[in-house]
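Below is one structure, written out as structure tokens; the observations come after it.
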Amino acid sequence: MPTVLVVAVALVDVDGRVLIAKRPEGKKLAGLWEFPGGKVEPGERPEAALIRELNEELGIDVNEACLAPFVFASHAYDSFHLLMPLYLCRRWNGVVTAREHDALAWVKPNRLSDYPMPPADEPLVAWLRDLL
Ligand code: CDP
């Protein structure tokens, strides 16, 4: 089974709310709320991949120094093994905009469990609740 490396982020605003994004219709896991991010391309550094994905998906610019590695998710999907480090980020430039998602939500950590998530993302919620 191939291993796929995806990087994801918990953007945290000044009120301590976390951004989650609804996967669009027509994609795998459509309608579930994920931490934004995406696949690391061959030869790409994970932090560079995350900065690229945040620009493409959300229209924001993030400085690498503002990305704090936080926790690693590992989940066996049917056809691949997903490894997904989650970074924390509290500073970015630009306005967060849904360019590739159906919706965005800023959610208090203790309400994150109200939103159905992909199985890889779910365990990250407890970590965030304990941290924030
Ligand atoms: O979103 P898309 O399917 O185009 O690809 P991706 O963002 O590069 O992520 C690859 C796969 O990783 C997704 O299809 C999901 O199965 C999984 N994933 C996840 O479980 N949780 C996330 N926060 C992001 C991706």
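Position 1 is the first residue of the sequence, and the numbers go up from there. Excluded from the calculations below are hydrogen atoms, water molecules and symmetry mates; all remaining heavy atoms, backbone and side chain alike, are included. First listed ligand is number 1; within each ligand, the first listed atom is number 1.
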Report task. Heavy-atom cut-off of under 4.0 Å around ligand 1: list whichever protein residues fall inside it, by chain and number. Result ->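 V6, R23, K27, K28, L29, E34, F35, G37, G38, K39, Y77, F80, L82, M84, P118, A120, D121.
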Hey, are the side chains of [X] and [Y] touching, using non-hydrogen atoms and a 4.5 Å cut-off?
| X | Y | answer |
| --- | --- | --- |
| I51 | L67 | yes |
| D121 | L32 | no |
| S74 | H81 | yes |
| L5 | L83 | yes |
| F35 | V18 | yes |

Just checking, is any N or O donor in the side chain of H75 or E122 under 3.5 Å from an acceptor N or O on the other one?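 No.
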